[in-house]
Amino acid sequence: MRTAAIDFESYYDGELNIKEMGQWHYLRDPRGEIYMVSIVGEGLEPYCGPVKNAPWDRINGWRWVAHNYSFDGECVAALGDRIKARPAEYFCTANLAAFLGSPRDLEGASHHLLNKEISKDPRKKMKGQKWSEVENTEFACEMQRYALDDSYSCLELYDKYQDKMPEIEKALSRHTIQMAWRGFAVDRDRVDEGIRKLGQIKWESEQKLPWFEDGGVVLSVKNFRSECVKAGIPYPESLSEDSEECAAWEEKYGNQVPWVGAMRDWRKSNSYLVKMKVLRSRIRPDGTVAYGLKYFGAHTGRFSGDSRLNVQNLPREPHYGVDLRSCIVPRPGKKFIICDLSQIEPRVLAWLCGNHGLLDAVREGYAIYEAFAITANLWKGEKGTLKKSNPKLYHLAKAMVLGLGYGAGAKKFSYLAKTSYGIDMDETEASRVVTMYRSKNPKVVGFWRQLETAFRQSKDDGVYEIQLPSWRTLRYRNIRTQNIGREKPGYTAQVVMGAPHINFYGGILCNNTVQATARDVMAECILRLEKAGLPLVLHVHDEAVVEVDADVTPKDVEQLMSVTPDWLEGCPVAAEAVEADKYVK
DNA sequence: GCTACGAGCGCC
DNA sequence: AAAGGGCGCTCGTAGC
């Protein structure tokens, strides 16, 4: 199959742009225009000019490649009949770049992967300018050269590196683009109701802040502090929810001056409100919303949210009487089945460390936290009874399994135990628990040490690679000892080419390995579900939401997800599904 | 006016 | 020697 690189250029300004409007609405706004397309390909006369004169007939049925195909593919869709050609398949070189550990953007990818400098200046200069304003000028020629150059770089990335991307990753890249285009249906009434309620909370919070009346900025720490000084009371350093100092301050002064609570309510209600407004503004005529999702957004390979509507961090619980998740609903005649991989990370950690005892107990039917309690000699009992018989121990075991596997110390653990698992524990107590965990899990500790030792051997700007059990490798580049953000030097590396250095040690390397492996388990699940004809509307790390006909059951989905990959032989993989007429936690 | 960064907080 | 990790978004502020 022959390959062409395509790159559309479109008008944008401060209001009319993708980030504000989302791709779909941006490309269909009557104020906008797609004024140029550049196309290059082997044996093809390079083209750069208006869409209507492009050699579409020549590249019909070819493979079309673009840097951020989600955008260029949506251009093709938005232009509809005006392009009388379609690709046989498509490929995104931005996703390829991310997979390779390069920056995603074309400038960074060209620099690191092609050793070629390109400039985005011409495009920036086009901000706020219509093509008709610059046509027939010197700058227009520059812009054309720029657009053509982008297509050349894109094609070069494809030619040089596409074979470095395994088929499964290519499929995931395409799937991510497709799924986000498809989007989900939205319950508009619920959105409107939510916007009304949240607006009310926001307004009420404002009324509680004396500096708001004078036109002061609500969340300004400066304003807050000077108001405290005026009132003759001290102020806490941090206003955060989990600051003990702040909690104590609120206990003492909160009734007298309800400012901290009001600021917090304002911040939260406003952020949910913005989210809801974005959601509403992105509803398409058919009642569905497309969203952005970055394939390989994290260096571990996890997907990440994008363009103001991040579907991966919607609040689990209703706040202020508003449930954001429930605004996402199945299309008419369909239902959702929401399925989670059961404790995938701790299971993968146990597998990687060779903790067979723990995995055997899980396979026998113990919950992993029970299994941990058994193997640590903390408990003996029947399957599934720990939570009821000793809830305190159950929660502690859970906190230990989820909190201590990656090297957390006493301070962090006491914080995690309190904020995530409702266990009140001082640092001395936490320190004992940490020591106990490490002594009873020599394999985990050994795994940290092994990774750290190998990592450190690559210092002096070397590269350290962790071969995952799957088809992937984690790469840490330019390993050095230096101090960033601390007094003493630590071992640092880059996880994205040219990006800032990050501190690494055994616990983090272990975490990265586990997270990446769990991602690959999920990756196979995603493609397996689609292959079985169950389309996903979204996925969040270890959770998939499929939109299906009435005859599909949660058990069907569980079965498709509960598959141990060949390369993870011996690790029990399980899943739990529920069906719903809306997105629920 | 734009960009960068920290605080704070949402998720897994 | 000791160190949980991975993200994105909003707002406010500082610096260019």
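Throughout, protein chains are lettered first and strands after them, A, B, ... in sequence-line order, and every chain is numbered starting at 1.
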Closer than 4.0 Å, any side-chain N/O of [X] to the OP1 or OP2 of [N]?
| X | N | answer |
| --- | --- | --- |
| S271(A) | dG8(B) | no |
| K222(A) | dT13(C) | no |
| H541(A) | dC7(C) | no |
| S304(A) | dG8(C) | yes |
| K127(A) | dC2(B) | yes |
| Y505(A) | dG5(C) | yes |
| R308(A) | dT10(C) | yes |

Do [X] and [Y] sit within salt-bridge range, that is, some charged N less than 4.0 Å from a carboxylate O?
| X | Y | value |
| --- | --- | --- |
| R432(A) | E429(A) | yes |
| E250(A) | R264(A) | yes |
| R316(A) | E543(A) | no |
| E204(A) | K208(A) | no |

Mind checking if [X] touches a base, just sugar-phosphate, or nothing, with heavy atoms under 4.0 Å?
| X | answer |
| --- | --- |
| G305(A) | sugar-phosphate |
| S307(A) | sugar-phosphate |
| E241(A) | sugar-phosphate |
| Y272(A) | sugar-phosphate |
| V514(A) | nothing |
| R302(A) | base |
| D306(A) | sugar-phosphate |
| L416(A) | base |

If you check every side-chain atom of [X], which of [options] has the closest atom?
| X | options | result |
| --- | --- | --- |
| L239(A) | dG6(C), dA14(C), dG8(B) | dG8(B) |
| S238(A) | dG8(B), dC9(B), dC7(C) | dG8(B) |
| R325(A) | dC12(B), dC9(B), dG4(C) | dC12(B) |
| R438(A) | dG8(C), dG8(B), dA3(C) | dA3(C) |
| W266(A) | dC11(C), dC9(B), dG6(C) | dC11(C) |
| N310(A) | dC9(C), dA3(C), dC11(B) | dC9(C) |
| N270(A) | dC9(B), dT10(C), dG4(C) | dT10(C) |
| S240(A) | dG6(C), dG10(B), dC9(B) | dC9(B) |
| Y406(A) | dG6(C), dC12(B), dG4(C) | dG4(C) |
| Q515(A) | dG5(C), dG10(B), dT13(C) | dG5(C) |

If I take atom [atom1] in residue [X] and atom [atom2] in nucleotide [N], what distance separates them, rounded to the nearest angstrom?
| X | N | atom1 | atom2 | value |
| --- | --- | --- | --- | --- |
| I502(A) | dG4(C) | CD1 | C1' | 15 Å |
| K585(A) | dC12(B) | NZ | C1' | 15 Å |
| N223(A) | dT13(C) | CG | C1' | 12 Å |
| L219(A) | dA7(B) | CG | P | 15 Å |
| K418(A) | dG4(C) | NZ | C1' | 19 Å |
| R316(A) | dC9(B) | CZ | P | 19 Å |
| K275(A) | dC11(C) | NZ | P | 13 Å |
| I508(A) | dG5(C) | CD1 | C1' | 7 Å |

Atom CZ of residue position R449(A) - does it have more than 12 heavy atoms of other residues, nucleotides or ligands inside 6.0 Å?
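Atom CZ in R449(A) is not packed in, count stays at 12 or less.
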Any donor-acceptor pair under 3.5 Å joining the side chain of N313(A) to the base of dG10(B)?
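A donor-acceptor contact between them is present.
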Can you tell me whether the side chain of E452(A) and the base of dA3(C) have a donor-acceptor pair closer than 3.5 Å?
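Looking at the base of dA3(C), it does pair with a donor or acceptor on the side chain of E452(A) (distance under 3.5 Å).
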Quick check for you: to the nearest 0.5 Å, what is the distance between I328(A) atom CD1 and R190(A) atom CZ?
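Spacing of CD1 (I328(A)) from CZ (R190(A)) equals 11.0 Å.
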Mutual orientation of the aromatic rings belonging to Y272(A) and Y320(A) [parallel < 30°, tilted 30-60°, perpendicular > 60°]:
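Correct class here is tilted.
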Can you confirm if the NZ or CZ of R123(A) lies within 45° of the ring axis of Y12(A) and under 6.0 Å from the centre of its six-membered ring?
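Geometry flag: set, cation within 6.0 Å and 45°.
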